[in-house]
Amino acid sequence: MNVNFNGYGENVATFIANSALTEAGVPVKISADGTVAKCASGDLFCGICLGVRDGYATVQLSGYAKVQTSSKLALGYTKIAAGASGKVAANESGRALLVVDSTTTEAGIIL
């Protein structure tokens with residue numbers, strides 16, 4: 001792609017990481033006060049985990065993010081939720097997010 005959305009409206013916060021959250025790049029949800037956990041399939045996510053270290057997680061809450069997908073997402077505003085294996089997927093009960101690029105394995109979304 002000849003355009004780049006990296007950094008657009010990016011907003012990152014640090015949370016306590018639930019003990020089961022061990023990897024970056026996965027959709028996360030609030031699981032307790034100030035704590036995030038990896039989403040299960042179908043969960044609505046608050047952001048994408050950018051990193052986990054020493055019991056803390058950095059989470060991107062807004063802006064452009066590249067995410068792993070279960071299948072190609074429709075471009076434009078698409079309802080999305082957590083999918084299987086730390087990916088995101090189209091879901092009629094999901095949040096409408098702007099999909100700006102998509103392949104069968106990843107998509108660029110604006111949170």
Under the criterion side-chain contact (heavy atoms from CB on, under 4.5 Å), which of Asp43, Leu44, Thr35 is the partner of Lys29? Asp43

Closest heavy-atom contact between Ala84 and Ser70? N-OG, 4.2 Å

Closest non-hydrogen atom pair, Arg95 against Leu111: NH2-C, 4.5 Å

In short, salt bridge (Lys or Arg N to Asp or Glu O under 4.0 Å) pairs touching residues 16-27 with sequence neighbours left out are Glu23-Lys38

Between Thr103 and Thr105 (side chain of the first, backbone of the second, donor and acceptor by atom type, cut-off under 3.5 Å), is there such a pair? yes

Is the closest side-chain heavy-atom distance between Ile80 and Phe45 below 4.5 Å? yes

Taking the side chain as everything from C-beta on, heavy atoms only, tell me whether Leu97 gets closer than 4.5 Å to Val88. no

Which atoms form the tightest heavy-atom contact between Ala65 and Ile48, and what is the distance? CB-CG1, 4.3 Å

Minimal heavy-atom distance between Gly86 and Pro27, with the atoms involved, is O-CD, 3.2 Å

How long is the gap from CG on Leu50 to CG on Leu61, to the nearest 0.5 Å? 9.0 Å

Write down the atom of Ala81, the atom of Gly94, and the distance for their closest heavy-atom approach. CB-CA, 4.2 Å

Atom pair CG/OG1 of Leu73 and Thr104 - distance to nearest 0.5 Å: 10.5 Å

Are any non-hydrogen side-chain atoms of Cys49 and Val36 less than 4.5 angstrom apart? no

Nearest 0.5 Å please: distance from the OH atom of Tyr77 over to the CG atom of Leu98. 4.5 Å

Minimum heavy-atom distance Ala17-Leu21, with the two atoms named: CB-CD2, 4.2 Å

Are Ile30 and Val28 co-members of a hydrophobic cluster defined by side-chain heavy atoms under 4.5 Å apart? yes

Go through the steps for Tyr56 and Ile16 under the test side-chain contact (heavy atoms from CB on, under 4.5 Å), then give the verdict. CA-CA 4 Å; Tyr56 293 94; Ile16 297 167; 4.2 Å; yes

Under the side-chain contact (heavy atoms from CB on, under 4.5 Å) rule, what do Lys66 and Asn6 come out as? Steps first, then yes or no, please. CA-CA 9 Å; Lys66 196 67 130 173; Asn6 289 341; over 6 Å; no

Are any of the side-chain heavy atoms of Ser102 and Leu75 separated by less than 4.5 Å? yes

